[in-house]
Amino acid sequence: MYIYDSVQKTKREFVPQERGKVSLYVCGPTVYDNAHLGHAKSALVFDLLFRVLRANDYEVTYARNITDIDDKIIQKAQKSGKEIKEITDFYTNAFHHEMNKLGVIRPTIEPKATESLEAMFKLILKLLKDKHAYKTSHGDIYFDTSSDSQYLQLSHRFQDEDDKKQRVEGSLEKKNSADFALWKSVNDNSISFDSPFGKGRPGWHLECSAMIEKHLAKPDKKFAVDIHGGGADLLFPHHENEAAQTRCATNHELSAYWMHNGFVNIDGEKMSKSLGNSFFLKDALKVYDGEVLRFYLLSTHYRSNFNFNEEDLLNSKKRLDKIYRLKKRLFGLSFENVKTSFSDSLLEALSDDLNISASLALIDEMISHANETLDTAGKHKQLKLETLSNLAYIEEVLGFGVKNSYEYFQFGVDKQTKEKIQMLIKQRDEAKKARDFAASDALRHEILTYGVNLMDTLQGTFWEKI
RNA sequence: GGUGCCAUCGCCAAGUGGUAAGGCCGCAGCCUGCAAAGCUGCUAUCCCCAGUUCAAAUCUGGGUGGCACCUCCA
């Protein structure tokens with residue numbers, strides 16, 4: 001398996017620290033609002049990585065955190081008068097529900113910040129003891145970036161001297177402008193946690209380092225985890241800061257490989273609430289089948305920036321449709337797993353830094369070949385078994401084609417409409433039998449007004465939502 | 001201003017030194033009562049200029065254009 005390491009900026013062979021075992025940590029959502037398409041993209045990319053690692057016979061421990069301590073959450077709580085937990089539980093549940101619809105497998109561990117406070121205290125105490133952190137007169141604790149000679153090497157940056165002075169003069173008793181809060185003390189009645197340093201709240205960056213130490217890190221290894229992932233924007237400052245804390249507080253580096261997924265734009269513009277084009281996943285899921293979104297969001301290489309637009313989504317759906325039509329052609333056949341060269345090729349493509357394009361090309365070729373053979377030699381049993389196995393493999397590794405074909409093609413059509421369509425199809429079949437093509441075409445026209453396409457096959461007439 | 005990324009057919013998009021994958025759209029044909037679906041065939045020399053090389057979309061230099069990050073952010 002090969003992975004592009006966005007810190008070393010090269011694609012290199014993936015070798016885990018422990019033979020056959022992989023630890024993977026991905027920065028998850030802050031649960032103060034609904035998940036948007038960018039969250040979906042990130043979750044999907046690492047879901048694919050998770051699946052591909054497992055298909056390569058690795059035993060994977062995959063942790064994706066839930067940030068449930070955050071200023072935005074607190075603001076929301078104060079404004080709405082709700083309890084913090086009420087808010088974070090709501091959005092955490094919504095997130096899980098939506099991920100489920102996207103076919104995202106639950107990570108092995110989903111640590112929460114609120115459950116990792118002890119691990120955070122431990123890190124802070126160690127950093128204070130070793131003079132990598134300092135306390136201000138207000139009781140805040142900062143990480144001293146000048147105490148880490150390797151600071152900024154992860155994100156390949158250097159410090160701007162002028163900028164540095166300006167910002168430090170500005171406020172906060174910070175030693176260096178880049179110093180970041182490990183602990184923010186709270187003196188009033190707002191929400192806080194008790195700690196060895198008094199009441200306060202942890203800094204965001206600390207959370208991930210602490211969870212990794214608590215759940216994944218092994219003391220005798222050079223790196224805390226094998227792979228650390230997240231959105232491209234997290235490389236700096238979030239990952240830089242995480243890496244610095246871990247490096248200074250423990251005897252290991254944070255991660256052996258770093259993976260960053262590209263951003264999702266909408267119609268060429270960055271998603272943002274101020275622009276009003278923020279596309280919440282829950283809204284997209286009302287209009288599109290979760291798997292269509294999964295397929296579309298995964299259809300471009302994970303490192304590229306992704307430009308979301310409806311036209312591309314619909315084109316992409318046509319490609320997924322082909323998988324389901326083939327599946328439909330083989331409906332009812334008993335499954336029997338057969339080894340094929342296709343699965344090897346597919347895994348090879350995916351194992352090359354998740355080369356999805358090469359994988360989809362292989363899938364399309366497999367589908368065409370299967371359809372061609374089924375057209376000419378419909379009773380080709382071996383081919384049918386192989387094709388079923390291939391489709392099963394695609395389901396397992398890519399999560400495409402996991403639904404029932406008929407349900408897939410009827411997404412978003414209510415029961416009443418379905419019955420109506422069935423009735424019209426029945427009438428049309430009768431007209432066809434009577435060779436009254438004028439009547440049959442008129443009925444087809446009527447059915448079309450429901451946004452439905454008809455297909456006459458040897459097995460009968462089927463319909464698909466367009 | 002600093003740092004970095006990208007530029008391949010009308011659209012989406014692989015390939016990163018050995019002579020351009022795949023999908024959508026389009027055209028022709030097979031199949032079909034007609035369609036749809038499916039199948040077959042056809043469609044690009046890779047932003048521009050210069051260089052390195054037997055060989056470059058792929059490496060180097062210079063342009064042009066787009067984008068991201070610079071301490072809220074997947």
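Every chain is numbered from 1, with letters handed out A, B, ... down the list of sequences.
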### Query
So which one's nearest nucleotide on RNA chain B is more toward 5', A:Asp179 or A:Gly38?
A:Asp179
What's the gap between [N] and [M] when it is taken at their [atom1] atoms, as a whole Å value?
{"N": "B:rC47", "M": "B:rC9", "atom1": "P", "answer": "8 Å"}
{"N": "B:rC12", "M": "B:rU3", "atom1": "C1'", "answer": "30 Å"}
{"N": "B:rU60", "M": "B:rA21", "atom1": "C1'", "answer": "28 Å"}
{"N": "B:rU43", "M": "B:rG22", "atom1": "C1'", "answer": "15 Å"}
{"N": "B:rC30", "M": "B:rC67", "atom1": "C1'", "answer": "46 Å"}
{"N": "B:rU8", "M": "B:rG15", "atom1": "C1'", "answer": "9 Å"}
{"N": "B:rC69", "M": "B:rA74", "atom1": "P", "answer": "12 Å"}
{"N": "B:rC11", "M": "B:rC59", "atom1": "C1'", "answer": "30 Å"}

Assign [X] to base, sugar-phosphate, or nothing according to its heavy-atom contacts below 4.0 angstrom with the strands shown.
{"X": "A:His156", "result": "sugar-phosphate"}
{"X": "A:Val26", "result": "nothing"}
{"X": "A:Phe263", "result": "base"}
{"X": "A:Gly231", "result": "sugar-phosphate"}

Can you tell me how far [atom2] of [N] sits from [atom1] of [X], to the nearest Å?
{"X": "A:Tyr302", "N": "B:rC5", "atom1": "OH", "atom2": "P", "result": "15 Å"}
{"X": "A:Ile394", "N": "B:rG23", "atom1": "CD1", "atom2": "P", "result": "14 Å"}
{"X": "A:Phe400", "N": "B:rG23", "atom1": "CZ", "atom2": "P", "result": "16 Å"}
{"X": "A:Arg303", "N": "B:rG4", "atom1": "CZ", "atom2": "C1'", "result": "14 Å"}
{"X": "A:Leu152", "N": "B:rG2", "atom1": "CG", "atom2": "P", "result": "17 Å"}
{"X": "A:Gln245", "N": "B:rU71", "atom1": "CD", "atom2": "P", "result": "18 Å"}
{"X": "A:Leu360", "N": "B:rG22", "atom1": "CG", "atom2": "P", "result": "13 Å"}
{"X": "A:Asp70", "N": "B:rC72", "atom1": "CG", "atom2": "C1'", "result": "8 Å"}

### Neighbour count >12 (heavy atoms, 6.0 Å) for atom CZ, A:Phe437
yes
### Query
If we ignore angles and hydrogens, is there a donor and acceptor under 3.5 Å between the side chains of A:Ser209 and A:Gln245?
yes
### Pair A:Lys76, A:Tyr91: side-chain N/O donor-acceptor within cut-off below 3.5 Å
yes
### Query
In residues 91-102 of chain A, which ones come under 4.0 Å of RNA chain B, going by heavy atoms?
none
Identity of whatever pairs with [N] - Watson-Crick or G-U, under 3.5 angstrom:
{"N": "B:rA37", "result": "none"}
{"N": "B:rC31", "result": "none"}
{"N": "B:rG1", "result": "B:rC70"}
{"N": "B:rU16", "result": "none"}
{"N": "B:rC24", "result": "B:rG10"}
{"N": "B:rG61", "result": "B:rC49"}

#### Entry: Residue A:Val264, side-chain heavy atoms: nucleotide from B:rA74, B:rG4, B:rU71 that is nearest
B:rA74
### Query
To the side chain of A:Lys9, which of B:rG4, B:rC70, B:rA74 is closest?
B:rG4
#### Entry: Derivation and outcome, side-chain hydrogen bond (donor to acceptor under 3.5 Å, both in side chains), residues A:Tyr134 and A:Asp179
CA-CA 10 Å; A:Tyr134 55 92; A:Asp179 291 357; 2.6 Å; yes
### NZ/NE/NH1/NH2 to OD/OE distance under 4.0 Å, A:Asp429 and A:Lys433
no
### Query
Does the side-chain contact (heavy atoms from CB on, under 4.5 Å) test come out yes or no for A:Tyr142 and A:Thr136, once each step is laid out?
CA-CA 8 Å; A:Tyr142 282 94; A:Thr136 70; 3.7 Å; yes
#### Entry: Stepwise side-chain contact (heavy atoms from CB on, under 4.5 Å) test for A:Phe400 and A:Leu360
CA-CA 11 Å; A:Phe400 301 151; A:Leu360 293 180; 4.2 Å; yes
Check nucleotides 33-40 of chain B against the protein and report each pair of N or O atoms closer than 3.5 Å, with its distance, or say if there are none.
residue, atom, partner, partner atom, Å
B:rG33, O6, A:Ser440, OG, 3.3
B:rG33, N1, A:Asp441, OD1, 3.1
B:rG33, N2, A:Asp441, OD1, 3.4
B:rG33, N2, A:Asp441, OD2, 2.7
B:rC34, O2, A:Arg444, NH2, 2.5
B:rC34, N3, A:Arg444, NH1, 3.1
B:rC34, N4, A:Asp456, OD2, 3.2
B:rA35, N1, A:Asp456, N, 3.3
B:rA35, N1, A:Asp456, OD2, 3.2
B:rA35, N3, A:Arg444, NH1, 2.9
B:rA36, O2', A:Asn453, ND2, 3.4
B:rA36, N1, A:Asp456, O, 3.3
B:rA37, O3', A:Arg325, NH1, 3.3
B:rG38, OP1, A:Arg325, NH1, 3.3
B:rG38, O3', A:Asn371, ND2, 3.2
B:rG38, O2', A:Asp375, OD2, 2.8
B:rC39, OP1, A:Ser368, OG, 3.2
B:rC39, O4', A:Asp375, OD2, 3.2
B:rU40, OP1, A:Glu372, OE1, 3.4

### Message
Please verify the inter-ring angle class for A:Phe279 with A:Phe308; under 30° counts as parallel, over 60° as perpendicular, anything in between as tilted.
### Response
perpendicular
### Task
Could you label the plane-to-plane angle of the A:Phe180 and A:Phe143 rings as parallel, tilted or perpendicular, counting under 30° as parallel and over 60° as perpendicular?
parallel
### Message
side-chain contact (heavy atoms from CB on, under 4.5 Å) for A:Leu53 and A:Met1? Distances and angles first, verdict last.
### Response
CA-CA 8 Å; A:Leu53 285 166; A:Met1 173 139 194; 3.9 Å; yes
### Query
When every nucleotide of nucleotides 11-21 of chain B is labelled 5' to 3' by its protein contacts under 4.0 Å (heavy atoms), B for base, S for sugar-phosphate only, - for none, what sequence of letters results?
SSSSS-----B
### Message
So, applying ring pair (Phe, Tyr, Trp, His ring centres under 6.0 Å) with A:Phe462, which one of A:Phe331, A:Phe409, A:Tyr406, A:Tyr324 is it?
### Response
A:Tyr406
### Query
Within 45° of the axis and under 6.0 Å from the centre of the six-membered ring of A:Phe236, does NZ or CZ of A:Arg157 qualify?
yes
### Query
Are side-chain heavy atoms of A:Lys418 and A:Trp463 found at a separation under 4.5 Å?
yes
### Query
Taking it one step at a time, do A:His96 and A:Glu110 satisfy side-chain contact (heavy atoms from CB on, under 4.5 Å)?
CA-CA 11 Å; A:His96 284 147; A:Glu110 285 187 284; 2.9 Å; yes
### Task
Mark yes or no for a side-chain to base donor-acceptor pair under 3.5 Å between A:Ser177 and B:rU71, with no hydrogen or angle criteria applied.
yes
